[in-house]
Amino acid sequence: MSTRRTPPARSGATRRSALRVWDAVTLLPRGAAALAAALAGRGGSAPSLLLADAAPDAPRPGAVRVAGHAVATVLLGALSLVLAAVLLLAVARGAFYGLVDQGPYDHSWGGPGKAGAWLAHFAVATPCAFAAVAGLYGVARLQERLTAPLRGERRPGWVLPAVLVCSAAGALFVVAFVRQLP
């Protein structure tokens, strides 16, 4: 029996999407806890932390396999935290721009007035926020496909390279963002 949270059929796509985004945001602590459990010799409980419990008749994965999946989940968890930070930044600097930046707005996007600057920042931040949510959803789906072998399923061949490329892209984004700070 799988412990993957599957919302009831009556709930809408919004609820399922919100659960996937929440799963993505919690990947880092769940992956770290699964890695600690696997390294402590409790590899049997680690797949449940990765939301990858196998069917009762499926063979139990070994501790090394679970630890490898936990490390990959930690990488995806770090990426999801970057995406969550982008989402928070987009909301703070978009919808609440006038509250987080007190001016002057002479050289701001949409300036010199506060209303124009707020509207310009909101217009730029809205698609960024939607992209961050879509990225979080995608990370959750990628992690689900990544842990397919722990559930006794076949993993597509493109998943592991995609995890590595996405993690590297997230790291490069963080480095570029930090370097542009004053």
With sequence neighbours excluded, residues passing side-chain contact (heavy atoms from CB on, under 4.5 Å) with [X]:
X    : answer
P156 : W158, V159
V124 : W109
L89  : R93, F177
P149 : R65, H69, R155

**Report entry** Heavy-atom closest pair, residues G94 and A125
**Finding:** CA-CB, 3.4 Å
Query raised in the report: Where is the tightest heavy-atom contact between A70 and G31, given as atom of each residue plus distance?
Result: CB-O, 3.6 Å
Spatial distance of atom [atom1] ([X]) from atom [atom2] ([Y]) [nearest 0.5 Å]:
X    : Y   : atom1 : atom2 : result
L76  : L50 : CG    : CG    : 10.5 Å
L19  : R15 : CG    : CZ    : 5.0 Å
E144 : D23 : CD    : CG    : 9.0 Å

Report all side-chain donor-acceptor pairs from residues 126-141 shorter than 3.5 Å, counting only partners two or more places apart or in another chain.
| from | atom 1 | to | atom 2 | distance (Å) |
| --- | --- | --- | --- | --- |
| T126 | OG1 | F122 | O | 2.8 |

Hydrophobic cluster mates of [X], side-chain heavy atoms under 4.5 angstrom, ILVMFWY only, any path?
X    : value
V71  : L35, L39
V174 : V82, V86, F173, V178
L28  : V74, L81

Under 3.5 Å, sequence neighbours excluded: what are the donor-acceptor pairs made by side chains of residues 164-171?
| from | atom 1 | to | atom 2 | distance (Å) |
| --- | --- | --- | --- | --- |
| S167 | OG | V163 | O | 2.8 |

Report task. Output yes when a side-chain donor or acceptor of W118 lies under 3.5 Å from a complementary backbone atom of A95, and no otherwise. Result -> yes
